[in-house]
*Asks:* 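Handing you this structure, nothing more for now.
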Amino acid sequence: MEYAFRDIEKKWQAFWEKNQTYRVENQSDKPKYYVLDMFPYPSGAGLHVGHPLGYIASDIFSRFKRMKGFNVLHPMGFDSFGLPAEQYAIQTGQHPAVTTEQNISRYIEQLKNIGFSFDWSREVRTSNPDYYKWTQWIFQELFQHYYDKDADKALPVSELTARFAAAGTKSVNAVCDEDVPVLSADEWNALSETEQYAITLKYRLTYVADAVVNWCPALGTVLANDEVKDGVSERGGYPVEQKLMRQWMMRITAYADRLLNGLNTVDWSESIKEQQRNWIGRSQGASVRFPIENSERQIEVFTTRVDTIYGVTFLVLAPEHEYVDELTTPEQKAAVDAYVDATKRRSELDRMMEVKKVSGVFTGSYCLNPFNGEKVPIYLADYVLAGYGTGAVMAVPSGDQRDWNFATHFGLPIIPILDAQKDIAEQADATKEGHYINSGIINGMSYAEAVPTLVNWLEERGLGKGKINYRMRDAVFSRQRYWGEPVPVFFKDGLPYLIDEKDLPLELPAVDKYLPTETGEPPLGRAADWKYKGEYEYELSTMPGWAGSSWYWFRYMDPRNDNELASKEAIAYWKSIDLYVGGNEHATGHLLYSRFWNKFLKDIGIAEEEEFAKKLVNQGMIQGRSNFVYRVKDSQPATFVSAGLKGQYEVTPLHVDVNIVEQDVLDVEKFKQSRTDVPADAVFILEDGKYVCGWEVEKMSKSKFNVVNPDDVVERYGADTLRLYEMFLGPLTDSKPWNTNGISGTFNFLRKLWRLFFDEQTGKNVVTEDAATPEELKALHKAIKKVGEDIEVLSFNTSVPAFMVLANDLTSLKCHKKAILSDFVKILAPFAPHIAEELWEVLGNEAGTVTFQEFPVFNPAFLVENSFEYPIQINGKVRATLSFPADAQPKDIEAEVLANETVQKWLEGKTPKKVVVVPKRIVNVVI
RNA sequence: GCCCGGGUGGUGGAAUGGUAGACACGAAGGACUUAAAAUCCUUUGGGCAGUAAUGUCCGUACGGGUUCGAGUCCCGUCCCGGGUACCA
């Protein structure tokens, strides 16, 4: 009987579905474990072989944890709002819900084909109204909270207004807009309800603002910073321009410090944590106000090096700075106007390309150094960004290379400020070492002494203060799109109000077209008679892609709850994700927003833990491995030459579908049939009777003809082989090309395993009840140890060889003993669940129960060796091996080694300088 | 530029500071077969010497260093991949 993988896999997939094998309850005597994959966007192209990599890894881990006695939550769902469905809808007029539904069905079919142990009863889809009801609900909660800095958490707006009424706006230390009015309690209480409401809008965690956004005219939408790459949209590559628009914003900056500090508590890769730290971009420094000469006004700058203040020889403002007009003297007006104009016209791309070039213009005005009253010229330069800090910097050319370049270019003075600075004439020196010189009140001090001295001086005079700046901005939350969650807000007299909670979900209305309206409103503006309570305008933008994915792990805990996003009991039980697996392209998007929402949900008593995912693993990308044929240039009839001979011709390489190539050998007939551009009389120049293709590693994509569909692999080799092979390819976190060439190795292993149970000729079951020998137990327990340890650290690529070695060993030992094979099946079950269930049944066990067997326990007693083969090194090079009892004493070993013939030969009669004996490792004789 | 990864046979890769190349693919040779498939056996980093067993030298991007011993640790250089950028 052959290993009939197709029948076996179908049988067990049906069994699991019928018996609800992987259904999991929210209560159990067992400890819980939550393993989550980043859920996919169901694209029209279906899964390719790269997608399941992480799912296979997390599935193995889930199955392993089940066998280790955990109650494992391992769900799957779909991030089903998104642009491609909408673009398709624009082209075809088909409702995105319809295509999304079709795509999801296809995904589920493909996923079920691979034998994952998902609890499908918990599936969620972000585009379902019963799901996005809760996305909208969270939005409303954000709207009803503000961030209190003293409590260091979100508090209800009702608390804010109560405190305003009792003690005025100054009594609350909150994160808010820059332009909030300062009111006493009496002044506050004298305001109308609407006026008070308008003020609270400046405090809420989600708010409306006119924001400069990345407007993409081609897509008709606003893009997040991380959706824009090099000035064009990441999706589609369309031009993006800066535009001021009314947008919903998320006050994520309120959580900046918690987002930063939380990184120290999670087991995530250092690279992701570092990316998030950079994204948040916290810098500690001071703000300093420079009075403008002959003016009442001051220019505020932010600096991380307030200690260098006596080295300031000029100030630089962003060309967009609000004081530019005022500061420009008549003589400089023409030059300034020209510069500002040129800056406006330069695209971001130009600005990036000219990073090295110094440009700028003098305004004609001066300000005064607050410490010594020195006159400081004010320049404009486009290297200063309006959006960061205050849009103005104090320039210290002796300590900052960019300032040094600028000073040198414009002939401005460069003042040394530290005695440890060197070579100021050649370049800047940013050192903090040494003692200050030319520095007024801090002369002679060290860096550590100078900073507090200066900050105190500034604060006493109200000229500045210690300040922390963040690179991170509040997140734009509006999208001018159709296929997303409607924002549950209506407008009355120009002010936004929440719709009643009982009216949630606010469902997407029908529209005639999925395009902006003629007047430039988002597509929702097309909905007929779409008004709240029949009279109020709804918000017409929808939520961004990340809204639905920023809390979905909670919904899996209690996916059908109509009253809450998840019950308190469910959240108390599952708490947070123990292992989260996904691609690292989400490093600063999804993973940062999710942390933000989780922290907010913790503040309002829903989440149990500060961080939503304890451990995060980023699987590597599976790249494509493209194959090429080589067409001889200008050949008639068309001539293709095998890769090994292409050097003899002038050739054009052409991509060829990898699915008609095996071991880099082209199936010429299929090639002729599949390509209309290959004439029937095409000539193929072969080597050794074969047409060998060239290859290259590229992105996996249709256009490169290198996409491999997991369904095809499953059809040919089975899901278990696919699972093993994807793990066998290399470390989970590495990117690697998919190369089907090696897959027969894992397939052969499963067949070899099968032959331990069955005689393939006769089909007879050959399993015996004999007692295991020490040798067999040793082989088995080596594998148990290796596999158990490897899974814990997600080193799946090294467990597969352990299985192969065990199968090879047992084959050589002619071992068909149930006592050994039972445990083999169990340790293999997480990797290859179908064949494991089948063989488990063959061994006489109850059908479908291998899933819940205890993972075999490694017994070190079986691995004890009574002797050890010592490599004997002479000066670090192995010259012999000698066997010694395991408990041999080093001095005995040394004596015998020195007496050895080979060692004697190398000693040439000399006495060794040293003999190193490492028990059960090695012996090194140093001559 | 800066911050992370990484560079090991023809290929994917393995290796708590202790015999580099496990395991697998591919390749070559052989057995079985009328033949093929499947299976099994042998060889497979490179050079030199030897009929052979074997011996010997070189070898983990490159150059140094630490160590009895370095793919592994340290310093410097080069290359590849990812992230990020006039961030004050």
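Reminder, nothing fancy here: chain letters follow the sequence lines and each chain counts from 1.
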*Asks:* Would you mind telling me which of rA88(B), rG12(B), rU84(B) lies closest to the side-chain atoms of R471(A)?
*Replies:* rU84(B)

*Asks:* Which base, if any, makes a Watson-Crick or G-U wobble pair with rA31(B), both distances under 3.5 Å?
*Replies:* rU39(B)

*Asks:* Does a side-chain N or O from R755(A) land closer than 4.0 Å to OP1 or OP2 of rC40(B), or not?
*Replies:* yes

*Asks:* Between N808(A) and rA22(B), is there a side-chain N or O to OP1/OP2 distance below 4.0 Å?
*Replies:* no

*Asks:* Counting side-chain heavy atoms from C-beta on, which of rC87(B), rU19(B), rA24(B) comes nearest to Y388(A)?
*Replies:* rC87(B)

*Asks:* Using the side-chain heavy atoms of K877(A), tell me which of these nucleotides is nearest: rC86(B), rC68(B), rC58(B).
*Replies:* rC58(B)

*Asks:* Counting just side-chain N and O atoms, does N618(A) come under 4.0 Å of either OP1 or OP2 of rG82(B)?
*Replies:* no

*Asks:* What nucleotide among rG18(B), rG13(B), rC25(B) has an atom nearest to a side-chain atom of N797(A)?
*Replies:* rG13(B)

*Asks:* Hunt down the Watson-Crick or G-U wobble partner of rG10(B), both distances under 3.5 Å, from any strand shown, or write none.
*Replies:* rC25(B)

*Asks:* From the list rU19(B), rC86(B), rA14(B), which nucleotide is the closest neighbour of the side chain of T881(A)?
*Replies:* rU19(B)

*Asks:* Considering every strand shown, what is the Watson-Crick or G-U wobble mate of rG71(B) when both distances are under 3.5 Å?
*Replies:* none

*Asks:* Centres of the W754(A) and F5(A) rings: under 6.0 Å?
*Replies:* no

*Asks:* Could you check which nucleotide pairs with rG55(B) in any of the strands shown, counting Watson-Crick or G-U wobble with both distances under 3.5 Å?
*Replies:* rC48(B)

*Asks:* Report the relative orientation of the aromatic rings in H781(A) and F858(A); use parallel for angles under 30°, tilted for 30 to 60°, perpendicular for over 60°.
*Replies:* tilted

*Asks:* Just compare rU19(B), rA14(B), rA88(B) and give me whichever is closest to any side-chain atom of T798(A).
*Replies:* rA14(B)

*Asks:* Under 4.0 Å: is that the gap between some side-chain N or O of R751(A) and OP1 or OP2 of rU39(B)?
*Replies:* yes

*Asks:* If pairing requires Watson-Crick or G-U wobble contacts with both distances under 3.5 Å, which nucleotide is the partner of rC2(B)?
*Replies:* rG83(B)

*Asks:* By nearest atom, which of the nucleotides rU39(B), rG13(B), rA88(B) is closest to the V393(A) side chain?
*Replies:* rA88(B)

*Asks:* Kindly label the base of rG9(B) as syn or anti, based on whether its glycosidic torsion lies within 90° of 0.
*Replies:* syn

*Asks:* Looking at K736(A), I'd like to know whether one of its side-chain N or O atoms comes within less than 4.0 Å of OP1 or OP2 on rG12(B).
*Replies:* no

*Asks:* Using a 3.5 Å cut-off and no angle test, enumerate the donor-acceptor pairs between side-chain atoms of residues 867-878 of chain A and protein atoms at least two apart in sequence or in another chain.
*Replies:*
residue : atom : partner : partner atom : Å
Y870(A) : OH   : K920(A) : N            : 2.7
N875(A) : OD1  : I927(A) : N            : 2.9

*Asks:* At what distance, to the nearest 0.5 angstrom, does CG of L418(A) lie from CG of D429(A)?
*Replies:* 8.5 Å

*Asks:* Does rA15(B) have a Watson-Crick or wobble mate here (both distances under 3.5 Å), and if so which one?
*Replies:* none

*Asks:* Given that both distances must come in under 3.5 Å, which nucleotide forms a Watson-Crick or G-U wobble pair with rA61(B)?
*Replies:* rU77(B)

*Asks:* Less than 6.0 Å separating the ring centroids of F406(A) and Y379(A)?
*Replies:* yes

*Asks:* Which one, rA88(B), rC68(B), rC4(B), comes nearest to the side chain of T303(A)?
*Replies:* rA88(B)

*Asks:* Nearest to the side chain of M804(A), heavy atoms from C-beta on, is which of rG13(B), rU19(B), rC23(B)?
*Replies:* rC23(B)

*Asks:* So does R879(A) get a side-chain nitrogen or oxygen closer than 4.0 Å to the phosphate oxygens (OP1/OP2) of rG55(B)?
*Replies:* no

*Asks:* Spell out yes or no: do the side chain of D382(A) and the base of rC86(B) have one donor N/O and one acceptor N/O closer than 3.5 Å?
*Replies:* yes

